[in-house]
Amino acid sequence: MLDALPDRVSVYEVSPRDGLQNEAAPIATAAKVRLIEALVRAGLTRIEVTSFVSPRWIPQLADADELLPLLSAPPGVTFSALCPNARGLERARASGLEEIAVFMSASETHNQKNTNKSTEASLRTFREVVSSALEGGMRVRAYVSTVWGCPYEGAVDPARALSITEQLLEMGCYQVSLGDTIGVGTPLQTRTLGKLFLSEFPQEKLALHLHDTRGTALANALVGLDLGFRHFDASVAGLGGCPYAPGAAGNLATEDLVYMLSGMGVETGLDLERLVEAGQVAEAVVGRRLPGKVHQAGVSSLRSA
Ligand code: HMG
Ligand code: MG
């Protein structure tokens, strides 16, 4: 293991979306802008800033239409947002976004609970949404959730995720991010799943979206890196949560991922000190202690005398 590390990997930041969507207390739009600006200062060039989903389903992100006009992406920075249907695409277009992300689950029950649709219906919806977005000059990313396990069904047949991934890529999504949505994956499972996906698709078409609910996200990322994955989703300070496990840890923390990678000589283009600052902004924005390890411990163990 770790015999052939890459020079570089890319990090896709999801804290303003996957992180904030689970926060119960209302967060001011201006505070979201502060977080996103801090992420940009840390060097993140791909940031999922919100969702154009139903405000009734995700009230925390109901201000998406107000948020976007307050943001400006510097050259080289791409903002994206989740989009479940034609209405979401319409809103994303009106906001001037150049990239969206569609999302569905590998397991039938989670897809139904999360989007009120069967997986077949999601695929039908996305065929239209993705083609319309591409015609309009947008780029489209995609998520497949519950690849490692489903909170309702337990184990999920990997053949389901493979088939959905293939269809999303055929539609023209530039990359599919594979989600351990509820953070149940172990490194051995990640190795088995990772090998399977990398035997079917080129690595640049895939990303890993790991949640740290049970403390295995960084170990799973390391296994993925060793197998050949080069794209990782992460969230500063581990912001996020799991609607099925109140108080549980969130996504893989961006600082933890970058600390590990940069310590092993793998470049991400990110400034770790500034990421830590962004994590502090995230903590101030949500008003509670966040679980990221580097966020809590700091970058260096050295203390000034
Ligand atoms: P529905 O209720 O079946 O929608 O929800 P509908 O099409 O029947 O419409 C009902 C009402 O919602 C209508 O309004 C629509 O206009 C409105 P009404 O006529 O009653 O006033 N509506 C919308 N409004 C604004 N924007 C829209 C929109 N669509 C409909 N885009 C729907 C279906 C998919 C919309 C709903 O289930 C939904 O929004 N779900 C989103 C759930 C969500 O965001 N979950 C979290 C993200 S997924 C995730 O976290 C996993 C991930 O991180 C990866 C991983 O970890 O694995 C990505
Ligand atoms: Mg997620």
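A quick note: this is a predicted structure, and the numbers were derived from the prediction, not measured. We use all heavy atoms of the structure for the numbers below, so side chains are in, but hydrogens, waters and symmetry mates are not. We're numbering straight along the sequence, starting at 1. Every number for a ligand or one of its atoms is a count from 1 in the order of the listing.
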Taking the six-membered ring of Tyr12 as reference, does the cationic atom of Arg141 (NZ for Lys, CZ for Arg) lie under 6.0 Å from its centre and within 45° of its axis?
yes

Is the closest basic N to carboxylate O distance between Asp63 and Lys32 below 4.0 Å?
yes

Side chains of Glu153 and Thr109: any donor to acceptor distance under 3.5 Å?
yes

For residues 166-206, pull every pair meeting ring pair (Phe, Tyr, Trp, His ring centres under 6.0 Å), keeping only residues two or more places apart or in separate chains.
none

Closer than 2.8 Å to the Mg ion (ligand 2), which protein N, O or S atoms?
Asp18 OD2, His209 NE2, His211 NE2

All pairs passing side-chain hydrogen bond (donor to acceptor under 3.5 Å, both in side chains) where residues 256-274 contributes a residue, at least two apart
none

Taking all heavy atoms of Ser95 and all of Phe52, pick out the closest pair and write down the distance.
OG-CZ, 3.8 Å

Report each N/O pair between ligand 1 and the protein that falls under 3.5 Å, naming both atoms.
| unit_1 | atom_1 | unit_2 | atom_2 | d |
| --- | --- | --- | --- | --- |
| ligand 1 | 3 (O) | Asn116 | ND2 | 2.7 |
| ligand 1 | 20 (O) | Arg56 | NH2 | 3.0 |
| ligand 1 | 26 (N) | Val53 | O | 3.3 |
| ligand 1 | 26 (N) | Arg91 | NH1 | 2.8 |
| ligand 1 | 29 (N) | Asn85 | ND2 | 2.8 |
| ligand 1 | 31 (N) | Phe52 | O | 2.9 |
| ligand 1 | 31 (N) | Asn85 | OD1 | 3.0 |
| ligand 1 | 31 (N) | Gly88 | N | 3.3 |
| ligand 1 | 39 (O) | Ser54 | N | 2.9 |
| ligand 1 | 40 (N) | Asn114 | O | 3.1 |
| ligand 1 | 45 (N) | Asn114 | OD1 | 2.9 |
| ligand 1 | 50 (O) | Arg17 | NH1 | 3.1 |
| ligand 1 | 50 (O) | Gln21 | NE2 | 2.8 |
| ligand 1 | 53 (O) | Arg17 | NH1 | 3.3 |
| ligand 1 | 53 (O) | Arg17 | NH2 | 2.9 |
| ligand 1 | 53 (O) | Asp18 | OD2 | 3.0 |
| ligand 1 | 53 (O) | His209 | NE2 | 3.2 |
| ligand 1 | 56 (O) | His209 | NE2 | 3.0 |
| ligand 1 | 56 (O) | His211 | NE2 | 3.1 |
| ligand 1 | 57 (O) | Ser145 | OG | 2.8 |
| ligand 1 | 57 (O) | Thr181 | OG1 | 2.6 |

Are Leu188 and Leu218 grouped together when hydrophobic residues (ILVMFWY) are joined by side-chain heavy atoms under 4.5 angstrom apart?
no

Aromatic ring pairing His110/Tyr152, orientation class (parallel under 30°, perpendicular over 60°, tilted between)
tilted

So, is the end of the Arg17 side chain (NZ or CZ) under 6.0 Å from the ring centre of Tyr143 and within 45° of the ring's axis?
yes

